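Bear in mind the structure is a predicted one, so any value in this text is a computation, not a measurement.
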Amino acid sequence: MRSLTIRHVTTYRYRHPVAFGEHRMMLRPRDSHDQRVIEVSLEINPAPSSLRYEQDDFGNHIAIAEFTGVATELSFASIVSLEHSPDDALHPGLDNAAAIFPVDYGGEEMTDLAHCIRRHDIGTDDAVAQWARRFLPVDGQIPALELLTRLSQGIHDGFLYRRREAKGVQAPAETLQLGHGSCRDFALLLIDAARSLGLAARFASGYLATMPNVAPTEAHGATHAWAQIYLPGTGWIDFDPTSGNVGKGSLVTVAVVRDPDQATPLHGTFVGSRSDTLGMEVHVSVTPHGSVTT
């Protein structure tokens with residue numbers, strides 16, 4: 001178990017004073033058996049006229065801010081302290097139903113998982129399904145976990161990572177065609193590939209917290225996205241196609257959703273012209289042992 005403090009600051013700047021509409025924030029990590037939130041704070045400047053909290057239908061935490069007045073800058077600083085103790089994803093808990101592909105979901109599981117199997121924008125040639133089937137053995141059976149690991153590693157080895165500041169996610173077929181993408185593009189490609197094989201998959205987002213071997217003042221931190229895929233007898237397993245890793249060793253989960261557009265970390269509006277926008281800055285730092293870096 002390790003204790004982490006994550007500081008996530010987003011700042012918007014404008015050429016002239018503008019008014020702000022509603023802003024929705026999905027910044028608080030989820031509580032689960034492998035991560036426990038100890039303390040949270042959210043600093044917004046200028047201060048909102050109202051701030052309320054709710055949970056969506058996936059159980060993700062959302063903060064909603066309303067504003068009055070105008071300003072040339074709007075900033076959000078989320079500071080979270082948590083205990084992080086991820087399990088070994090490759091434990092031997094796979095039962096017979098999950099061990100060999102194709103996976104057999106039971107009736108009750110299928111009812112609950114159907115929305116995570118349904119695909120979108122398949123296309124006439126279903127290029128993603130064709131790509132996914134390349135990882136199946138020509139003859140014989142394959143363990144489901146091995147197949148999923150091959151898919152994730154195939155994205156890591158076969159595609160070029162490119163960080164994109166633009167909003168939105170590339171369609172999986174577009175990522176295949178381009179041969180490059182961001183972490184969220186790779187996550188969606190893996191999700192669609194898994195769904196094409198009849199597996200339940202969902203989009204996960206949060207933070208990448210990479211700890212060097214020597215205890216640092218500040219570890220590497222970044223917003224990140226990956227896939228979770230469900231196997232009976234084990235549950236949701238984290239697959240990070242950007243790194244090719246399996247498991248949650250360096251991943252702090254903030255949101256799990258069916259599709260990426262349901263997991264935007266920060267979304268809002270302003271009243272003004274597009275030319276008023278000077279840009280957005282995002283900074284994420286991860287500090288071990290609960291101390292906050294300034």
Side-chain angles (χ1 to χ4, degrees), residues 4-12 20-67 74-84 86 115-116 120 163-170 182-188 190-191 201-209 221-228 236 238-240 242 248 250-270 280-286:
L4 307 175
T5 294
I6 300 173
R7 190 169 190 267
H8 181 176
V9 180
T10 304
T11 304
Y12 299 92
F20 304 107
E22 178 183 277
H23 280 65
R24 298 174 65 91
M25 293 146 278
M26 194 178 284
L27 301 170
R28 184 192 188 281
R30 295 169 64 95
D31 284 295
S32 64
H33 68 280
D34 53 14
Q35 63 180 42
R36 183 173 70 89
V37 176
I38 301 170
E39 185 178 4
V40 297
S41 69
L42 178 61
E43 301 172 4
I44 305 174
N45 188 29
S49 57
S50 69
L51 180 63
R52 68 184 191 274
Y53 298 89
E54 63 183 40
Q55 285 183 281
D56 64 13
D57 51 349
F58 301 101
N60 304 307
H61 297 273
I62 300 174
I64 303 172
E66 303 277 357
F67 298 88
L74 177 62
S75 67
F76 301 84
S78 169
I79 303 174
V80 179
S81 295
L82 72 155
E83 292 177 347
H84 190 243
H115 68 288
C116 288
H120 307 286
R163 183 179 179 87
R164 287 193 299 110
E165 299 297 339
K167 294 181 180 180
V169 182
Q170 293 173 177
S182 67
C183 61
R184 57 190 187 273
D185 302 322
F186 293 164
L188 186 57
L190 178 57
I191 289 167
R202 65 187 185 184
F203 185 88
S205 68
Y207 300 105
L208 179 66
T223 56
H224 198 51
W226 61 96
Q228 292 184 344
W236 295 100
D238 298 89
F239 293 87
D240 181 7
T242 302
K248 201 180 174 183
S250 299
L251 304 174
V252 176
T253 308
V254 170
V256 292
V257 294
R258 183 183 66 253
D259 297 311
D261 58 1
Q262 299 168 310
T264 304
L266 179 57
H267 174 73
T269 60
F270 72 94
M280 175 185 73
E281 292 182 3
V282 178
H283 178 73
V284 176
S285 64
V286 178

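- Taking the side chain as every heavy atom from C-beta outward, M25 and S78 never approach each other to under 4.5 Å.
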Quiz prompt | Evaluation steps, side chain to side chain contact (heavy atoms under 4.5 Å, CB included), between Q170 and L188 | solution = CA-CA 8 Å; Q170 293 173 177; L188 186 57; over 6 Å; no

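- Under the 4.5 Å side-chain criterion, counting only non-hydrogen atoms from C-beta, T5 is not in contact with V286.
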Quiz item: Can you check side chain to side chain contact (heavy atoms under 4.5 Å, CB included) on H61 and L27, steps first, answer last?
Solution: CA-CA 8 Å; H61 297 273; L27 301 170; over 6 Å; no

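- Looking at heavy atoms from C-beta onward, I44 lies in side-chain contact with F67 at the 4.5 angstrom threshold.
- Taking the charged nitrogens against the carboxylate oxygens, E43 and R7 have no contact shorter than 4.0 Å, which rules out a salt bridge.
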Self-check item: Steps toward side chain to side chain contact (heavy atoms under 4.5 Å, CB included) verdict (V169, D261)
Solution: CA-CA 8 Å; V169 182; D261 58 1; over 6 Å; no

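- In H267, the NE2 atom is not crowded: 12 or fewer heavy atoms of neighbouring residues, nucleotides or ligands sit closer than 6.0 Å.
- Judged purely by atom type and a 3.5 angstrom limit, D238 has no side-chain atom pairing as donor or acceptor with the backbone of K248.
- The minimum heavy-atom distance linking G168 with R184 is given by the pair O-NE, 2.7 Å.
- Environment of CD in E39: sparse, with no more than 12 heavy atoms of neighbouring residues, nucleotides or ligands closer than 6.0 Å.
- Atom CZ of F76 sits about 8.0 Å away from atom CG of L42, to the nearest 0.5 Å.
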Exercise. Please test Y207 against T223 for side chain to side chain contact (heavy atoms under 4.5 Å, CB included), starting from the C-alpha separation and ending with a verdict.
Key: CA-CA 4 Å; Y207 300 105; T223 56; 4.1 Å; yes

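- The one candidate from R28, R30, E54 that meets the side-chain hydrogen bond (donor to acceptor under 3.5 Å, both in side chains) condition with N60 is R30.
- Without hydrogens or angle criteria, D240 side chain to W226 main chain gives no donor-acceptor distance under 3.5 Å.
- A distance-only check finds no donor-acceptor pair linking the side chain of H23 to the backbone of A63 [under 3.5 Å].
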